[in-house]
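Here is the structure we will look at, set down as structure tokens.
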Amino acid sequence: MNEALRTEGLGKVWGGFAANTDIALRLAVGARHALIGPNGAGKTTFINLLSGALAPTSGEVYLGGERVTNLAQHARVKRGLTRTFQINTLFADLSVLESTVLAVCEQSGAARHFWRPVADHADEIARARALLETLGLSEDQDRPTASLPYGKQRLVEIALALATRPKILLLDEPAAGIPRLESRELFEVLARLPTDVTILLIEHDMELVFQFAERITVLVGGRILTEGTPAEIAADPKVREVYLGESDDG
Ligand SMILES: Nc1ncnc2c1ncn2[C@@H]1O[C@H](COP(=O)(O)OP(=O)(O)OP(=O)(O)O)[C@@H](O)[C@H]1O
Ligand SMILES: [Mg+2]
């Protein structure tokens with residue numbers, strides 16, 4: 001398989017507490033992969049180890065076959081690994097288009113020449129508009145980001161992440177805290193993202209996970225319990241016992 005991302009024996013210990021233990025995960029290029037598990041299972045910790053926000057206690061991270069375990073976050077972003085950022089603090093007062101153009105300029109290097117007339121940035125503006133179109137945000141492009149419903153703010157965060165031209169996008173509960181109807185819309189947009197972008201998603205809503213993911217890894221107590229297709233995961237008695245048994249979706 002054409003490999004986008006791989007971990008080997010990845011672990012994180014705080015004091016005596018093991019938040020992640022011996023995690024081996026492999027994502028093919030273009031994967032739609034979900035990471036699920038109960039609260040405190042270690043999902044966010046794992047994403048932090050991938051992005052470089054946390055240093056692992058043991059194990060390795062590879063991007064496209066290259067070992068990146070000791071690289072800083074920005075160096076991993078440069079190699080195509082991106083996670084979404086909360087925009088509340090960042091670009092809230094700018095319009096959706098302005099924010100996206102800034103992110104595109106940052107990626108293209110045009111940010112260093114930002115004193116140039118706006119017309120010189122026609123390419124960046126065109127790319128920002130195209131991104132917003134992909135995310136269904138064209139009609140909202142002139143509104144301040146902070147004035148949008150939360151579901152759309154999450155889409156702007158994804159637009160800003162896509163502006164970095166990621167190969168791999170990490171999404172930690174993108175639908176958390178937004179109303180059900182908006183989550184469905186958000187996931188419809190995620191389902192339409194170009195398949196050259198590999199996606200690893202954490203999500204608690206099983207209905208959304210099962211619609212979106214082609215493969216699912218179940219994390220329990222910091223360890224991988226099992227991995228499989230949605231059908232395999234849904235039918236797995238171990239999974240039902242520790243996880244799906246808690247809900248009505250299984
Ligand atoms: N900085 C830290 N220091 C010590 N323990 C931590 C730290 N960060 C997280 N933990 C612990 O590690 C465990 C895993 O946390 P993590 O946030 O990765 O779980 P999660 O699967 O993302 O949970 P949730 O579904 O609630 O988001 C938890 O028991 C948490 O309390
Ligand atoms: Mg979490």
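For ligands, and for the atoms within them, numbers begin at 1 and follow the listed sequence. FYI, side chains are in, hydrogens and waters are out, and symmetry mates aren't considered; it's all heavy atoms of this structure.
Applying the 4.0 Å criterion to heavy atoms of T45 picks out, from ligand 1, the atoms 14 (C), 15 (O), 16 (P), 18 (O). Taking every non-hydrogen atom of T44 and a distance limit under 4.0 Å, the qualifying atoms of ligand 1 come out as 17 (O), 18 (O), 20 (P), 22 (O), 27 (O). Near A19, meaning under 4.0 Å from any of its heavy atoms, are these atoms of ligand 1: 12 (O). Applying the 4.0 Å criterion to heavy atoms of E173 picks out, from ligand 1, the atoms 25 (O), 27 (O). Per-residue contacts place H204 under 4.0 angstrom from the following atoms of ligand 1 (heavy atoms of the residue considered): 25 (O).
The one candidate from L81, L5, V61 that meets the side chain to side chain contact (heavy atoms under 4.5 Å, CB included) condition with V68 is V61.
Geometrically, ligand 1 and F17 share no nitrogen or oxygen pair separated by less than 3.5 Å. For ligand 1, the polar-atom distance check against G42 finds a nitrogen or oxygen pair separated by under 3.5 Å. For ligand 1, one of its N or O atoms has an N or O atom of A41 under 3.5 Å away.
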Practice prompt. Apply the test side-chain hydrogen bond (donor to acceptor under 3.5 Å, both in side chains) to residues N20 and R223: give CA-CA distance (whole Å), side-chain angles for both, the deciding distance (0.1 Å), then the verdict.
Written response: CA-CA 6 Å; N20 275 185; R223 290 176 181 272; over 6 Å; no
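In this structure, the protein non-hydrogen atom closest to atom 8 (N) of ligand 1 is W14 CH2, 3.3 Å. Given atom 24 (P) of ligand 1, the protein heavy atom at minimum distance is N39 ND2, 3.7 Å. Nearest protein heavy-atom neighbour of atom 14 (C) of ligand 1: G40 O, 3.4 Å.
Among the backbone and side-chain atoms of T45, no N/O/S atom is found under 2.8 Å from the Mg ion (ligand 2).
Between R127 and E124, no side-chain nitrogen of the basic residue sits less than 4.0 Å from a carboxylate oxygen of the acidic one, so the salt-bridge criterion is not met. In summary, E60 and R6 do not engage in a salt bridge, as defined by a charged side-chain N under 4.0 Å from a carboxylate O. Remark: E214 does not engage R32 in a salt bridge, criterion side-chain N to carboxylate O under 4.0 Å. By the 4.0 Å N-to-carboxylate-O rule, D140 lies close enough to K152 to be salt-bridged with it.
With a heavy-atom cut-off of 4.0 Å, F46 does not touch ligand 1 at all.
Seen from the ring of Y62, R67 does not count as a face-on cation partner, given the 6.0 Å and 45° thresholds.
Atom 27 (O) of ligand 1 lies below 4.0 Å from at least one non-hydrogen atom of the protein. Of the protein's heavy atoms, none falls inside 4.0 Å of atom 30 (C) of ligand 1.
The closest side-chain heavy-atom distance from I47 to L200 is below 4.5 Å.
The cluster map of Ile, Leu, Val, Met, Phe, Trp and Tyr, joined by side-chain heavy atoms under 4.5 Å apart, puts L50 and L54 in the same cluster.
By the 6.0 Å contact criterion, CD on E66 is enclosed, its count of non-hydrogen atoms from other residues, nucleotides or ligands being greater than 12.
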